[in-house]
Amino acid sequence: MTALQPAAAATAASALVPLPVVLPLCAAGLKLAIGLRLQRTQRVLSAVVLTAVLAVSAALLVAADRHGPQVMYAGGWAPPVGVVLVADRLSALMLLVSSAVTLCVLLYSVGQGMADREEATPMSVFHPAYLVLVAGVSDSFLAGDLFNLYVGFEVLLTASYVLLTIGGTVARIRAGATYAIVSLLSSVLFLTATAVVYAASGTVNLAELAGRLGQLPSGVRLLAQIALLTVFGIKAAVFPLAAWLPDSYPTAPAPVTAVFAGLLTKVGVYAMLRTQSLLFPGSGLRDVLLVAALASLGVGILGAVAQTDLKRLLSFTLVSHIGYMVFGIALASRGGFSGAVFYVAHHITVQTTLFLVAGLVERRGGTTDLARLGGLARLSPVLAAVFFVPAMNLAGIPPLSGFLGKVGLLRAGVADGGPLAYVLVAAATATSLLTLYALTKAWNLAFWRGAPAELAAEGAVLDSAETDEETEESEQEAQRRQSGEQGGASRPQAGTTLSRAGTTLPPAGTTLSQAGAAPPPAGAAQTATFGGQAVTTSAPPASMLAATVALVCLGLAFTVFAGPLFALTDRTAGELLARGTYVAAVTGR
Amino acid sequence: MTESLDLVIAGGVLVAAGTALLMARPLTRIVLGTVLLGNGVNLLLLSASGAAGAAPLLYPASRHRHMPDPLPQAFVLTAIVITLALTAFLVTMAYRAWQLSGGDDVQDDVEDLRVARRAELLEERGRLAAGQRRRAGRGRAELRAARARRARAEEERPGEDDPWATILGGDR
């Protein structure tokens with residue numbers, strides 16, 4: 001039982017498999033130990049670690065594509081007892097896209113932290129929690145057994161609770177409570193499902209389960225499948241289980257929302273894809289999944305159309321577009337899996353980009369409420385460009401990857417030929433159109449129409465940290481009074497942009513005149529910062545913009561390299577359908 | 001192999017109690033609910049290892065089948081650690097909510113209500129316009145009176161202190 005697996009484990013690439021989990025965890029521990037000192041070193045450390053994870057993921061994808069799944073037995077313990085990490089094509093591809101996105105979001109957040117009047121929170125809390133989140137996501141993608149998948153989920157969830165409630169403001173505690181309770185319930189369900197699977201089959205190893213679940217009575221197998229699908233459905237925000245998402249995401253700081261929207265739901269989709277293809281092939285729940293996909297598509301996009309806040313609109317489109325991926329998973333054909341994988345890769349990138357842009361919009365306009373925004377295309381053409389491209393990409397305008405992913409899924413649906421599949425094809429097309437409608441509405445309101453008179457002035461304070469300390473409050477009070485005395489309507493000139501990245505921040509109280517600028521109106525989500533003090537600026541800070549542009553380019557790269565990427569996702573789908581390569585690589589049989 | 005029925009019953013009762021508490025509004029009750037729920041599931045998971053057996057460390061010579069399955073115990077240990085950490089986090093959050101707003105009830109989503117209210121308003125405006133066309137404004141006063149009555153009824157909602165009301169009828 002304790003014997004080392006022979007040949008398969010000995011390849012050099014398999015030694016790389018644990019690195020995407022181990023590296024961020026070690027870095028997070030190191031950062032907690034360093035604390036608040038050496039801030040610049042710490043920023044570099046985070047960036048270097050995530051770049052290393054990106055490089056490792058790329059190497060893993062190449063190895064998995066050329067030589068089959070890469071397997072690592074933790075401590076040299078063989079499958080029935082030990083923990084296994086597996087990087088096959090699907091895992092490695094997910095890992096590659098997610099690490100690219102997390103790196104960009106980290107750079108954005110570093111830029112934002114430097115641009116804000118940053119307090120201690122980001123460095124001491126945000127960075128370690130973010131790295132733990134990355135480790136949890138990597139662990140979920142690489143997990144070769146059900147319990148390790150549960151642990152990966154818990155790691156990323158625990159980090160996400162911290163990130164979502166960062167700063168501990170009223171809005172975030174309210175949103176965090178909903179999120180934490182729903183996630184806790186899904187965790188308990190996951191544990192129950194794992195217990196059922198273990199009690200029934202005597203193993204939690206995915207490769208072993210692939211063989212054993214087929215021998216179980218069909219009722220037990222169905223119970224396990226329903227329990228697992230419910231858990232992953234909550235994670236992925238599939239319609240009847242999606243109500244928590246638009247409620248909790250929009251209140252977090254922009255980078256946090258972006259990475260949640262991009263990655264956390266996709267971890268659920270990945271888990272669904274993995275279990276449906278490996279554990280329950282040819283399942284009886286195909287129609288249930290198709291109906292859930294249909295409901296997600298419809299309800300999500302109608303919710304998006306009704307919203308007047310950009311972040312909430314994006315959250316609802318997120319729910320809606322999860323339906324596309326579930327559609328592909330439900331079809332369970334080569335084309336369906338291939339389309340779903342492609343769409344996941346595309347959607348991670350585009351949705352993250354759009355939420356980052358929403359953060360930039362908030363910095364320029366002072367709010368993400370579409371009713372109060374306007375004229376941004378004239379005020380900040382760069383911002384308009386980085387919104388327009390990913391928005392059209394999400395809606396699926398022809399040359400872009402959103403269109404290609406949707407066409408892949410629609411073709412798989414037509415190839416399937418069932419009546420429900422055709423209904424889904426029609427609904428998917430209608431959803432694409434409605435997405436276009438919702439996003440052009442946002443574009444027209446926020447960017448294209450004339451600027452409203454009350455558009456927040458440069459230098460308006462978006463969010464000042466709510467702290468309990470009497471001293472800080474009185475300090476801010478004094479600052480407010482001081483700037484009031486400086487003479488009411490004095491505004492900073494266009495030249496003295498308040499905070500550019502890289503430069504040192506101006507001394508407090510001089511340029512930060514909040515006197516003339518109206519405070520954010522009641523009901524507006526005050527979400528801009530990690531707990532520092534953000535102000536609106538004429539142009540987006542360069543480092544934040546650079547990270548966003550990098551993500552836009554990544555989204556465009558999916559279009560340019562669509563041919564090779566579709567070939568890869570097709571091979572991935574083949575591997576998922578065959579099952580044999582995965583099982584053989586892990587069990588050695 | 002004989003299963004321990006006590007373990008299953010205890011686990012079931014804990015899960016049921018935890019689920020009931022989870023439906024409540026106050027965060028502290030929800031914390032208690034997750035603790036019960038987590039422990040109940042742990043007991044159920046433990047029951048998957050079969051009947052209790054000898055400890056392998058103390059009796060190295062004991063035969064293989066007298067030892068219980070160690071894997072569920074390892075699972076449960078991991079799950080206990082996770083539940084503990086999350087309980088600590090939830091308790092902190094409940095305290096913070098109490099600090100900020102003087103209560104720890106889980107709040108409704110304001111923005112969501114706003115969207116719903118806007119739709120209601122539009123609907124009502126449409127109905128009013130139709131009524132005006134038909135009855136030249138007589139409907140408006142009636143509608144306003146009805147709306148005021150409804151608002152008043154909503155304000156004086158009874159039974160806030162009854163724990164069952166918060167568990168079963170708390171959703172507004």
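Letters A, B, ... are given to chains in the order of the sequence lines, protein chains preceding strands, and every chain is numbered from 1. Side chains included, hydrogens not; waters and symmetry mates left out as well; all remaining heavy atoms used.
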Assess, by modelled atom type and distance only, whether the side chains of A:Tyr150 and B:Thr78 contain a donor and an acceptor separated by less than 3.5 Å.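 No, no side-chain donor-acceptor contact under 3.5 Å.
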Could you check A:Leu370, A:Thr368, A:Leu318, A:Val305 and say which one makes a side-chain contact (heavy atoms from CB on, under 4.5 Å) with A:Leu313?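 Of A:Leu370, A:Thr368, A:Leu318, A:Val305, side-chain contact (heavy atoms from CB on, under 4.5 Å) with A:Leu313 is met by A:Leu370 alone.
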List the residues meeting ring pair (Phe, Tyr, Trp, His ring centres under 6.0 Å) with A:Tyr130, not counting sequence neighbours, and say none if there are none.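 For A:Tyr130 the ring pair (Phe, Tyr, Trp, His ring centres under 6.0 Å) partners, ignoring immediate neighbours, are A:Phe126.
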Taking every non-hydrogen pair under 4.5 Å, which of A:Ala175, A:Ala180, A:Ala306 racks up the most with chain B?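 Max contact count across the listed options: A:Ala306.
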Interchain contact, [X] with chain A, by part (heavy-atom threshold 4.5 Å):
{"X": "B:Leu90", "result": "side chain"}
{"X": "B:Leu86", "result": "side chain"}
{"X": "B:Thr34", "result": "side chain"}

Inter-residue atom distance A:Thr165.OG1 - A:Arg174.CZ, 0.5 Å rounding: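 These two atoms lie 13.0 Å from each other.
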Side chains of B:Thr83 and B:Val35, heavy atoms from C-beta outward: is any pair under 4.5 Å?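 Not in contact.
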Under 4.5 Å from any heavy atom of chain B, what part of [X] do you find: side chain, backbone, both or neither?
{"X": "A:Val162", "result": "both"}
{"X": "A:Tyr161", "result": "both"}
{"X": "A:Ile181", "result": "side chain"}

Aromatic plane relationship, A:Tyr198 with B:Phe75 - under 30° parallel, 30 to 60° tilted, over 60° perpendicular: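 Perpendicular.
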